[in-house]
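Here's the structure we're looking at; comments come further down.
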Amino acid sequence: MTSERTKLDAMGTLRRSHGCGQIDRSCVGEEVVVAGWAHRRRDHGGVIFVDLRDQGGLVQVVFRPETSTEAHERAGDIRSEWVILARGVVEARSAETVNAKMATGEVEVNVHELRVLNSASPPPFPIEEEAGADESVRLKHRIHDLRRPPLQRALAVRDALSRAMRQSLSSQGFMDIETPMLARATPEGARDFLVPSRMHPGSFYALPQSPQIMKQLLMVSGFERYYQIARCFRDEDQRADRQLEFTQVDLEMSFVGVEEVLAVLEKTTRDGCLGAAGVELPEPFPRMSYSEAMDRFGCDRPDTRILLELVDMTDLFSTSGFKAFKGVVDKGGIVKCLPVHDADGISRSEIDRLESFVRKELGARGLGWIRIAEDGEWRSPIVKFLTEEERAAIAERSEARPGSLLFFQADVADKANAILSRLRIDLGEKLGRVDGRDWDVLFVVDFPLFERDDKGQLTYVHQPFVAPLEEDIPLLETNPEAVRGTHYDVVMNGTELGSGSLRNHRADIQRDILRALGYSEEQMQQSFGFMLDALELGAPPHGGFAFGFDRMVMVLAGADSLRDVVAFPKTQRGQDLLLEAPSPVATDQLDELSIRVRLPKPE
RNA sequence: GGGGCGGUAGUUCAACUGGUUAGAGCACUGGCCUGUCACGCCAGAAGUUGCGGGUUCGAAUCCCGUCCGCCCCGCCA
């Protein structure tokens, strides 16, 4: 490489005196020593300019033969990302040469001595605000990508948030306690990452999906306020907001009800957002019930800055002659509408595009729509199936007027809501139907404890340890589906930052719940025996929460993907393209673990 | 597991319906240049068109398979 042809210098005793970004008018006349990476180089033959970059900023250093022949000569070799140390005098730039686009653009460093500390191969993409490169290239060359300002900023937000939340929790009396990374495999929930035990051939540890069980055991142990910034692992498919390994700010507290936990959450969230990004959140946080969120927004983590709302019309179609919708209602489905007023901006071809989008991406059966023209006429493929009375009812409920465009979904509730919720967000953002606030935080409360899966079996909505509301405990035996849980979410800008609940501290209630979920006594003992046993050792009432720390950074840093707020993220297929993990291992290593690999047979 | 979009030089992209030697910007290399700041000018090098197979006189282009990246459903809380 270039380094073979370039003689590199040692630092010697020369040390940095200023960060590049610190150099300003007040330094004029001073001798300074700056160090960093050659961001850009402009060689005019006689005079050479280098924009020198360190973590704190950028400053122009100048090499002139009349200042130092030797430094000027060596500066001719400098290329992008070379590492240099330069001693020189800060000079004010003349009025014509001031660069207003640069924070340090009023000054420059006239270099007397240059030490080339390292050369570098050329970066595969420019180290700029916008990478302008495909994400796989960025991930493969993560070291260069991490030099870019957006990632530098995101990791700084991450650090600040971590510090602010630790400080907040510490001031509220929480104690940081670490829990094991080598834990026990669990049959419930997500797939575990397994770690083979050398000393116990055939047995495995599991990396924790969360410290959930362990923090409950700490409550039983008498640590009344626990917290931890914990790494969690789930071997499930990736999304923009889901990585295989991620970080939770995990906390748990004893002798509290929902209100005390929410108060801690509110303070911790406020302190975190303020400390990490200077964001001031309202006090108290608004609250919304799960059913209201689903009803109005079709989503349990609504971004309430978007002004569009859904309208339920299920009852209107239960007796309708419009068979497509009535049939859905007869089978227990719902019909909901997303009214968009003053929708002239949405063309017919845009509607077609939306329809094909919801069909392809979201599995919709179709997209019903009605446009009310300026002359009041209804233009729609479905209007011919509707009676006068139905039209009047639809118009009244959707507050339709000339210029309105109504979108319909008739399907099982989850799907209809998911589709309209997505349309609401897309159209709301595209049409600018937003209230103008930068930050939108709310608590979503009153989740049900159970739901039916597609086989009709009762399953838990969140996790099996969520405590029911005290007054609903009798319903566990008689009408479990009506039991309300003590679960709550914190939602910010349409992203679920985290969730928590009160937990079952009484073994008998925990057993009742597991029984309702269809566990036999044996299965209960096998899967949750140690937990049930622990609850009989003097478990205090307790509850807690876990923030999705990475998601919180993502929201505060304005990033679209977790990969932009994690230093070394994995791809959607779970690979680290820089370190090339996962990788096969040597047979020796496997032998020691008593493991033989049996690869799936190719077709 | 399923659906969608994409994969051409280091990189970002182009190459009409299959048709000569696959082009351009940036980056890179060499040269020139004393006030640039996305410096400029001149010259140059750079390609297994992701991979494998097929159709064809002829494939970056059409077909099949496969790998990789991203988005989504399932999955995950």
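As the structure is a computational prediction, the values presented were derived from the model and not from experiment. In what follows, every chain begins at residue 1, and chains take the letters A, B, ... in the order their sequences are listed.
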### Task
Please list, chain by chain and in numerical order, all residues satisfying side-chain hydrogen bond (donor to acceptor under 3.5 Å, both in side chains) with A/Glu113, sequence neighbours excluded.
A/Arg87, A/Arg115
### Query
Using purine N1 to pyrimidine N3 plus N6-O4 or O6-N4 for Watson-Crick, or N1-O2 and O6-N3 for G-U wobble, each under 3.5 Å, what pairs with B/G30?
B/C42
### Task
Compute the ring centroids of A/Phe285 and A/Phe443, then answer whether they are less than 6.0 Å apart.
yes
### Task
Please tell me which of A/Arg40 and A/Ser136 maps to the more 5' nucleotide of RNA chain B, matching each residue to the nucleotide holding its nearest heavy atom.
A/Arg40
### Same-atom distance (P) from B/G47 to B/A9, integer angstrom
10 Å
### Query
Would one find a side-chain N or O of A/Arg42 under 4.0 angstrom from OP1 or OP2 of B/U36?
no
## Note on the structure
With sequence neighbours left out, the residues meeting salt bridge (charged side-chain N to carboxylate O under 4.0 Å, His left out) with A/Arg503 are A/Glu252
### Task
Take the protein atom CG of A/Asn110 and the nucleotide atom P of B/U36, then report the distance between them rounded to whole Å.
17 Å
### Query
Between atom CG in A/Leu577 and atom C1' in B/C67, what is the gap in whole Å?
13 Å
#### Entry: G-U wobble or Watson-Crick pairing nucleotide for B/C70 (cut-off 3.5 Å, both distances)
B/G4
Filtered N/O pairs between nucleotides 9-11 of chain B and protein, under 3.5 Å:
{"residue": "B/U11", "atom": "O4'", "partner": "A/Pro124", "partner atom": "O", "Å": "3.2"}

### Message
Donor-acceptor check, side chain of A/Gln409 to backbone of A/Leu338, threshold 3.5 angstrom: yes or no?
### Response
no
### Query
Does A/Lys215 use its side chain to pair, donor to acceptor, with the backbone of A/Ser210 at less than 3.5 Å?
no
### Query
If we call it a pair only when both distances are under 3.5 Å in a Watson-Crick or G-U wobble match, what pairs with B/U61?
none
#### Entry: Base paired to B/A24 (Watson-Crick or G-U; both N/O distances under 3.5 angstrom)
B/U12
#### Entry: Nucleotide opposite B/U36 in a Watson-Crick or G-U pair, distances under 3.5 Å
none
### Message
Applying side chain to side chain donor-acceptor pair (under 3.5 Å) as the test, list every pair that has at least one member in residues 131-151 of chain A; sequence neighbours left out.
### Response
A/Glu81-A/Arg147, A/Asp134-A/Ser136, A/Glu135-A/Arg563, A/Arg138-A/Asp145, A/Arg138-A/Asp564, A/Arg142-A/Asp145, A/Asp145-A/Arg148
### Query
Is the base of B/U36 touched by the side chain of A/Arg93 through a donor-acceptor pair closer than 3.5 angstrom?
yes
### Task
Return the set of residues passing ring pair (Phe, Tyr, Trp, His ring centres under 6.0 Å) with A/Tyr290 (not counting sequence neighbours), or none when no residue passes.
A/Phe447
#### Entry: nucleotides 72-77 of chain B: protein proximity per nucleotide (B base, S sugar-phosphate only, - neither; heavy atom, under 4.0 Å)
SBBBBB
### Query
Stacking here means centres under 5.5 Å and planes under 30°; does A/His44 stack on B/C39?
yes
### Task
Could you tell me the separation between the CZ atom of A/Arg138 and the C1' atom of B/U12, rounded to a whole number of Å?
14 Å
### Task
With sequence neighbours excluded, give me every side chain to side chain donor-acceptor pair (under 3.5 Å) pair touching residues 567-577 of chain A.
A/Glu245-A/Lys570
## Note on the structure
A/Phe450 meets the ring pair (Phe, Tyr, Trp, His ring centres under 6.0 Å) criterion, sequence neighbours left out, with none
### Query
Checking all strands, does A/Arg563 fall into the base, sugar-phosphate, or nothing category for heavy-atom contacts under 4.0 angstrom?
sugar-phosphate
### Message
Does A/Glu108 reach a base, just sugar-phosphate, or nothing at all? Heavy atoms under 4.0 Å.
### Response
base
### Message
Regarding A/Thr571, tell me which of base, sugar-phosphate or nothing describes its non-hydrogen contacts under 4.0 Å with the strands shown.
### Response
sugar-phosphate
#### Entry: OP1 or OP2 of B/C71 under 4.0 Å from side-chain N/O of A/Lys360
no
### Query
When you compare B/U11 with B/G7, how far apart are their C1' atoms, in angstrom units rounded to a whole number?
14 Å
Hey, can you pull the donor-acceptor pairs under 3.5 Å for the side chains in residues 122-133 of chain A, sequence neighbours left out?
{"residue": "A/Glu128", "atom": "OE2", "partner": "A/Arg40", "partner atom": "NH1", "Å": "2.7"}
{"residue": "A/Glu129", "atom": "OE1", "partner": "A/Arg153", "partner atom": "NH1", "Å": "3.4"}
{"residue": "A/Glu129", "atom": "OE2", "partner": "A/Arg153", "partner atom": "NH2", "Å": "2.6"}

### Message
Please name the nucleotide paired to B/C76 by Watson-Crick or G-U wobble geometry with both distances under 3.5 Å, or report none.
### Response
none
